[in-house]
Visitor: 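This is the structure, below, for whatever I ask next.
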Amino acid sequence: MNIFHIVGARPNFMKVAPVLSALKGRKNVTQTLIHTGQHYDASMSDVFFQQLGIPDPDINLAVGSGSHAKQTAEIMVRFEPVVLERKPDLVLVYGDVNSTVATTLVCAKLGVPVGHVEAGLRSFDRTMPEEINRLVTDQLADLLFTPSEDGDENLRKEGIPAEKIFRVGNVMIDSLVRLLPVAQKITRAGLPERYALVTLHRPANVDDSATLKEILGSLLEVNRDLSVVFPAHPRTRQRIADFGLHPGQLRLLDPLPYIDFLALQTRATVVITDSGGIQEETTYLGIPCLTVRDNTERPVTVSMGTNVLVGRDRDKLRSEFSKVLSGKAKKGAVPPLWDGHTGERIADVLVGPS
Ligand code: UD1
């Protein structure tokens, strides 16, 4: 079987690594890794390949940044001839980024089967570009690999036949389980003993100057009690500069490599984020997570894990943060099948048990 794997943006890389590795050496499998080039900075891409042990992509479509329409269209235009020439039997797409939906659309029109890894997640918020990507990808995919029960339910409600849905668990946690021992050995010089780890990059949080100013204000308040360590996405750093905002005493860092960021998570007193994957990683690690969003497509991190949605409500952030400081943070459990073996379960579905 000739399998394509599509990656494009930072959160795809920790998801593809376990599947590539599980399929490696299985009988009659040929794998082709395609990077769309959606993320292109070394700190957002290359270093993840190195640390996760992912081979160099066989093909890089080098699309770069652009508006949603431009980026999505450019990926489609550059990907279609590759499919026509190399004729994959199956294309695996990951997560919910523009690269995921663009390549799925191309395959659907050419009659090439698609498997979606991390299917069924829904925030029910169509103002999020990722929600649109998830809805379209899941409607078109032929095999849907879900991380948790809510994913199966969402898909069934959208009319996806049960035989297409495979609950395999959380593939990103495979990478975490594998590299956690390495991360635990890393110490980063110059960091305080206790700190709040922050990431922000959602357009809804960083693209509007008043909203970003308000969030930075809340973080400066947090920083009075606990040092804020803030590895900033290029988009966020750019917006802070564009809007003439002042991060004051917040420790802004460049984006960190996977293992270095994992190391920071494991030692954080609390994580404050608007990322999807970090809500899951903190749940696995049992670290309190305050999510600066009104909704989440990963509700199991709230119902079972350590995640609390604080939205953009400064009072809610303040009160949840106080609970953490006084040792009353929510305790959580690890959801079923978040066990480090999801990649193997996906490989079993695709080619049978090894
Ligand atoms: C994308 C994903 C988002 C994911 C995030 C993780 C979509 C719709 N969004 O958002 O779901 O959580 O990746 O990082 O696919 N930029 C650089 N260097 C890079 C990449 C981007 O400087 O290597 C800057 C550019 O100014 C670019 C902006 O970041 O215009 C946004 O990049 P883009 O890929 O459009 O979306 P992300 O915000 O990264």
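The shown structure was predicted, so the numbers you read here are calculated from the model rather than taken from an experiment. Both counts, for ligands and for their atoms, begin at 1 and track the order of listing.
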Visitor: Look only at interatomic distance and state if Asn133 has a nitrogen or oxygen under 3.5 Å from any nitrogen or oxygen of ligand 1.
Guide: no
Visitor: Which residue and atom name correspond to the protein heavy atom nearest atom 18 (N) of ligand 1, and how close is it?
Guide: Asp41 OD2, 3.1 Å
Visitor: Given Arg235, Glu131, Arg202, Arg239, identify the one with the heavy atom nearest to atom 28 (C) of ligand 1.
Guide: Arg235
Visitor: To which protein heavy atom is atom 34 (O) of ligand 1 closest, and what is the distance rounded to 0.1 Å?
Guide: Gln38 NE2, 3.1 Å
Visitor: Check this for me: Glu149, atom CD, are more than 12 non-hydrogen atoms of other residues, nucleotides or ligands nearer than 6.0 Å?
Guide: no
Visitor: If you count the atoms of ligand 1 from 1 in the order shown, which ones are under 4.0 Å from a heavy atom of His68?
Guide: 8 (C)
Visitor: Which residue owns the protein heavy atom closest to atom 14 (O) of ligand 1, what's the atom, and how far is it?
Guide: His39 CE1, 3.1 Å
Visitor: Ignoring hydrogens and angles, tell me if any N or O in the side chain of Arg312 forms a donor-acceptor pair with the backbone of Arg293 under 3.5 Å.
Guide: no
Visitor: Hey, could you give me the CE/CD distance between Met172 and Glu281, rounded to the nearest 0.5 Å?
Guide: 4.0 Å
Visitor: Go through ligand 1 atom by atom and flag the ones less than 4.0 Å from a non-hydrogen atom of Glu130.
Guide: 2 (C), 3 (C), 9 (N), 11 (O)
Visitor: Backbone, side chain, both or neither: what part of His233 comes under 4.0 angstrom of ligand 1, heavy atoms only?
Guide: side chain
Visitor: Do Thr273 and Thr199 pass the side-chain hydrogen bond (donor to acceptor under 3.5 Å, both in side chains) test, and can you show the C-alpha distance, the side-chain angles, and the key distance before you say yes or no?
Guide: CA-CA 5 Å; Thr273 189; Thr199 78; 2.6 Å; yes
Visitor: For Tyr94 and Ser99, run side-chain hydrogen bond (donor to acceptor under 3.5 Å, both in side chains): C-alpha distance rounded to whole Å, both residues' side-chain angles, the deciding distance at 0.1 Å, then the answer.
Guide: CA-CA 9 Å; Tyr94 296 82; Ser99 303; over 6 Å; no
Visitor: Please state which protein non-hydrogen atom is closest to atom 5 (C) of ligand 1 and give its distance, to 0.1 Å?
Guide: His201 NE2, 3.6 Å
Visitor: Closer than 4.0 Å to some heavy atom of Val97 - which atoms of ligand 1 meet that?
Guide: 2 (C), 7 (C), 11 (O), 15 (O)
Visitor: Which of the listed options, Pro203, Pro234, Gly37, holds the heavy atom that is closest to atom 22 (O) of ligand 1?
Guide: Pro234
Visitor: Identify, for atom 17 (C) of ligand 1, the protein heavy atom at the shortest distance, and state residue, atom and that distance.
Guide: Tyr40 OH, 3.4 Å
Visitor: Which of the numbered atoms in ligand 1 are under 4.0 angstrom from any heavy atom belonging to Pro11?
Guide: 4 (C), 6 (C)
Visitor: Which of the atoms in ligand 1, numbered in the order shown and given with their element, are less than 4.0 Å from a heavy-atom of Gln71?
Guide: 34 (O), 35 (O)
Visitor: Please report which non-hydrogen protein atom sits nearest to atom 8 (C) of ligand 1, along with the residue it belongs to and the distance in Å to one decimal place.
Guide: Asn98 OD1, 3.3 Å
Visitor: Counting only heavy atoms closer than 4.0 Å, does ligand 1 sit against the backbone of Ser45, its side chain, both, or neither?
Guide: neither
Visitor: State whether the number of non-hydrogen atoms from other residues, nucleotides or ligands found under 6.0 Å of Lys330 atom NZ is greater than 12.
Guide: yes
Visitor: Select one of side chain, backbone, both or neither to describe which atoms of Arg10 lie under 4.0 Å from any atom of ligand 1, heavy atoms only.
Guide: side chain
Visitor: Looking at atom 26 (O) of ligand 1, would you say a protein heavy atom lies below 4.0 Å from it?
Guide: no
Visitor: What do the steps show when you test Thr127 against Asp125 for side-chain hydrogen bond (donor to acceptor under 3.5 Å, both in side chains), and what is the final call?
Guide: CA-CA 5 Å; Thr127 64; Asp125 173 2; 2.5 Å; yes
Visitor: When rounded to the nearest 0.5 angstrom, what is the spacing between CG in Leu212 and CG in Leu200?
Guide: 7.5 Å
Visitor: Any chance you could measure Leu33, atom CG, to Leu92, atom CG, to the nearest 0.5 Å?
Guide: 11.0 Å
Visitor: What I'd like to find out is whether the side chain of Ser21 reaches to under 4.5 Å of the side chain of Lys24, using heavy atoms alone.
Guide: no
Visitor: Report the relative orientation of the aromatic rings in Phe13 and Phe48; use parallel for angles under 30°, tilted for 30 to 60°, perpendicular for over 60°.
Guide: tilted
